[in-house]
Amino acid sequence: MAQIEKAIKDKLISLAVEARKASYSPYSKYPVGAAVLTASGKTYTGCNIENSSFGLTNCAERTAIFKAVSEGERKIAAIAIAAKASSPCGACRQVLSEFAAPEIPVIFVNLKDSGEKEIEDHTLGELLPCSFNQEEAGL
Ligand code: THU
């Protein structure tokens, strides 16, 4: 795993927890927050944004990634996700892989009913093995 400083990891965790508060999730009532660190050292946050046409929902991870990319960022160095069960969905893993190396830390912040935060450390490569490879595809 590409290492990040503990202070930065702690910051990403609190940013993801804070971002979750803005979640627009009236249908699922399942709020999710995310925070990405870019190679330039900036952070961007996101929450899930639902829609009455359910399939149009945008996950927290993609909101954060799209905010970063729309500000000109192209390399994501780490991501933290905060939810009751914070493992990112397959679509978000694939979108992340467009802008992140397999070694990057993906930090799960599982929010327990007790108020405790359970932290799980993963890498993108572990979560998305044998991923679609743009170069191999000649794209
Ligand atoms: N959700 C996320 O924001 N990220 C994920 O990786 C999984 C699911 C959101 C989508 C929807 O608003 C709610 O969680 C329930 O699926």
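Remember, it's 1-based here, ligands and their atoms both numbered in the order they're listed. Side chains included, hydrogens not; waters and symmetry mates left out as well; all remaining heavy atoms used.
- In this structure, Glu5 places its CD atom where only 12 or fewer heavy-atom neighbours from other residues, nucleotides or ligands lie under 6.0 Å away.
- Atom numbering of ligand 1 starts at 1 in the shown order; those under 4.0 Å from a heavy atom of Pro88 are 6 (O).
- Checked options Glu18, Lys67, Arg20; the residue passing with Thr45 is Lys67 (criterion: side chain to side chain contact (heavy atoms under 4.5 Å, CB included)).
- For the residue pair Ser40/Glu73, the side-chain donor-acceptor check at 3.5 Å is satisfied.
- Of the candidates Arg20, Glu61, Lys84, Lys29, Glu61 brings a heavy atom nearest to atom 5 (C) of ligand 1.
- Checking only distances, Asn58 never comes within under 3.5 Å of ligand 1, N or O to N or O.
- Residue-to-ligand polar distances place Cys89 within reach of ligand 1: an N/O pair is separated by less than 3.5 Å.
- Inclusion of Cys92 in the set of residues having an N or O under 3.5 Å from an N or O of ligand 1 is not warranted.
- Counting protein heavy atoms only, atom 9 (C) of ligand 1 is closest to Asn48 ND2, 3.6 Å.
- Listed by number with element, the atoms of ligand 1 under 4.0 Å from a non-hydrogen atom of Ser28 are 13 (C), 15 (C).
- For Ser25, the closest heavy-atom approach to ligand 1 does not fall below 4.0 Å.
- The ligand atoms of ligand 1 that sit less than 4.0 angstrom from a heavy atom of Glu50 are 11 (C), 12 (O), 13 (C).
- Inclusion of Thr57 in the set of residues having an N or O under 3.5 Å from an N or O of ligand 1 is not warranted.
- Between the side chains of Gln94 and Ser131, no donor-acceptor pair of N or O atoms lies under 3.5 Å.
- Cluster annotation: Ile104 is connected to Phe66 through the hydrophobic network of ILVMFWY side chains, with a link wherever side-chain heavy atoms come within less than 4.5 Å.
- Between Phe108 and the options Leu127, Asp121, Ile119, a side chain to side chain contact (heavy atoms under 4.5 Å, CB included) holds for only Leu127.
- In this structure, the protein non-hydrogen atom closest to atom 16 (O) of ligand 1 is Tyr30 CD2, 4.9 Å.
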For a side-chain contact (heavy atoms from CB on, under 4.5 Å) check, start with the C-alpha distance between Asn48 and Thr63, then their side-chain angles and the critical distance, and finish with the verdict.
CA-CA 7 Å; Asn48 53 332; Thr63 303; over 6 Å; no
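- Under the rule for a ring-ring contact (aromatic ring centres under 6.0 Å, His included), the partners of Tyr27 that lie at least two apart in sequence or sit in another chain are Phe54.
- Considering each of Ala60, Cys59, Ala34, the one bringing a non-hydrogen atom nearest atom 1 (N) of ligand 1 is Cys59.
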